[in-house]
K.L.:
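First the structure, which I've put down as structure tokens, then a few questions once you've had a look.
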Amino acid sequence: IPGDPERLKQVFCNVLDNAAKHGGAGRRITASVTREGEWQVVRIRDFGPGIPEAELPFVKQKFYKGTSKARGSGIGLAVCDEIVGLHGGDFTIANAAGGGTVVTIRLPGPQ
Ligand SMILES: Nc1ncnc2c1ncn2[C@@H]1O[C@H](COP(=O)(O)OP(=O)(O)OP(=O)(O)O)[C@@H](O)[C@H]1O
Ligand SMILES: [Mg+2]
């Protein structure tokens with residue numbers, strides 16, 4: 001995947017940190033990387049409580065924490081969204097079918 005390795009690492013660390021702290025201690029986290037046409041697609045899913053539907057439209061805004069009482073300033077997803085956007089990709093977060101949260105990171109593959 002072409003890109004800035006340090007910034008992409010920051011994205012994956014932010015998302016995994018969210019899965020661990022918001023998804024609930026001791027629960028499973030799954031990650032996959034697949035190729036979908038021109039895109040390299042990374043999906044990270046947890047099996048926690050998910051995000052309340054009313055809060056989902058706002059979670060990528062800077063400093064938005066919703067009803068979360070977990071540590072952190074609410075900046076992680078805004079930074080992830082910006083880094084992935086600057087790589088020409090897109091970053092989406094949603095509730096997974098069957099519970100938990102799923103983050104999908106699409107990045108352009110090598111030319
Ligand atoms: N995997 C998840 N499960 C449940 N809620 C989540 C998950 N990921 C994010 N959220 C919700 O989205 C909010 C914003 O996430 P974001 O990563 O931007 O901030 P944070 O994790 O609270 O703090 P920071 O990333 O700055 O340490 C969280 O406070 C939480 O309410
Ligand atoms: Mg975070």
Side-chain angles (χ1 to χ4, degrees):
I1 300 173
D4 180 329
E6 287 306 316
R7 295 285 77 79
L8 291 177
K9 185 166 143 191
Q10 193 180 348
V11 171
F12 301 135
C13 286
N14 269 311
V15 174
L16 288 167
D17 176 62
N18 281 354
K21 79 177 172 183
H22 302 298
R27 297 229 177 111
R28 187 157 52 112
I29 297 168
T30 62
S32 65
V33 188
T34 53
R35 187 171 177 155
E36 295 178 12
E38 311 281 286
W39 301 98
Q40 306 288 340
V41 183
V42 180
R43 283 196 182 81
I44 296 170
R45 189 229 164 128
D46 65 60
F47 293 79
I51 299 173
E53 288 295 332
E55 297 180 16
L56 256 184
F58 308 110
V59 288
K60 292 202 286 186
Q61 288 177 7
K62 283 185 184 121
F63 307 118
Y64 184 83
K65 288 195 56 84
T67 47
S68 169
K69 299 279 183 289
R71 73 177 153 79
S73 49
I75 193 76
L77 291 176
V79 173
C80 291
D81 193 44
E82 186 159 338
I83 293 171
V84 174
L86 287 168
H87 280 77
D90 61 67
F91 181 97
T92 57
I93 180 161
N95 287 314
T101 297
V102 59
V103 170
T104 305
I105 299 159
R106 282 174 205 281
L107 291 161
Q111 292 308 303

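In what follows, every heavy atom counts, from backbone to side chain, and hydrogens, waters and symmetry copies are set aside. Just follow the structure's listing: the first ligand is 1, and inside any ligand the first atom is 1. If you read the sequence from its start, that first residue is 1, and numbering goes on from there. None of the values given here were measured: they were computed from a predicted structure.
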K.L.:
Test your reading of the structure: does Gly76 have an N or O sitting under 3.5 Å from an N or O of ligand 1?
P.N.:
yes

K.L.:
Please verify whether a non-hydrogen atom of Ser73 lies at under 4.0 Å from ligand 1.
P.N.:
yes

K.L.:
Can you tell me which portion of Lys21 lies within the under-4.0 Å heavy-atom range of ligand 1? Options are side chain, backbone, both, or neither.
P.N.:
side chain

K.L.:
Strictly under 4.0 Å, does any heavy atom of Gly50 approach an atom of ligand 1?
P.N.:
yes

K.L.:
Looking at Leu8, Val84, Thr92, Asp90, which one forms a side chain to side chain contact (heavy atoms under 4.5 Å, CB included) with Ile105?
P.N.:
Val84

K.L.:
Are Ile44 and Trp39 connected in a single hydrophobic cluster, I mean Ile/Leu/Val/Met/Phe/Trp/Tyr linked by side-chain heavy atoms less than 4.5 Å apart?
P.N.:
no

K.L.:
For Tyr64, counting its heavy atoms only, list the atoms of ligand 1 lying under 4.0 Å from any of them.
P.N.:
13 (C), 14 (C)

K.L.:
Give yes if a backbone or side-chain nitrogen or oxygen of Gly74 is under 3.5 Å from a nitrogen or oxygen of ligand 1, and no if not.
P.N.:
yes

K.L.:
Does Gly66 reach ligand 1, in the sense of a heavy atom lying below 4.0 Å from it?
P.N.:
no

K.L.:
Using a 4.0 Å heavy-atom cut-off, say whether Thr67 meets ligand 1 through its side chain, its backbone, both or neither.
P.N.:
neither

K.L.:
With a 4.0 Å heavy-atom cut-off (strictly under), which part of Asn18 contacts ligand 1: side chain, backbone, both or neither?
P.N.:
both

K.L.:
Testing Arg43, Gln40, Glu38 one by one against Arg106 for a side chain to side chain contact (heavy atoms under 4.5 Å, CB included), which residue passes?
P.N.:
Arg43

K.L.:
Between the Mg ion (ligand 2) and Asn14, is there an N, O or S atom separated by less than 2.8 Å?
P.N.:
no

K.L.:
For Ala78, is at least one N or O under 3.5 Å away from an N or O on ligand 1?
P.N.:
no

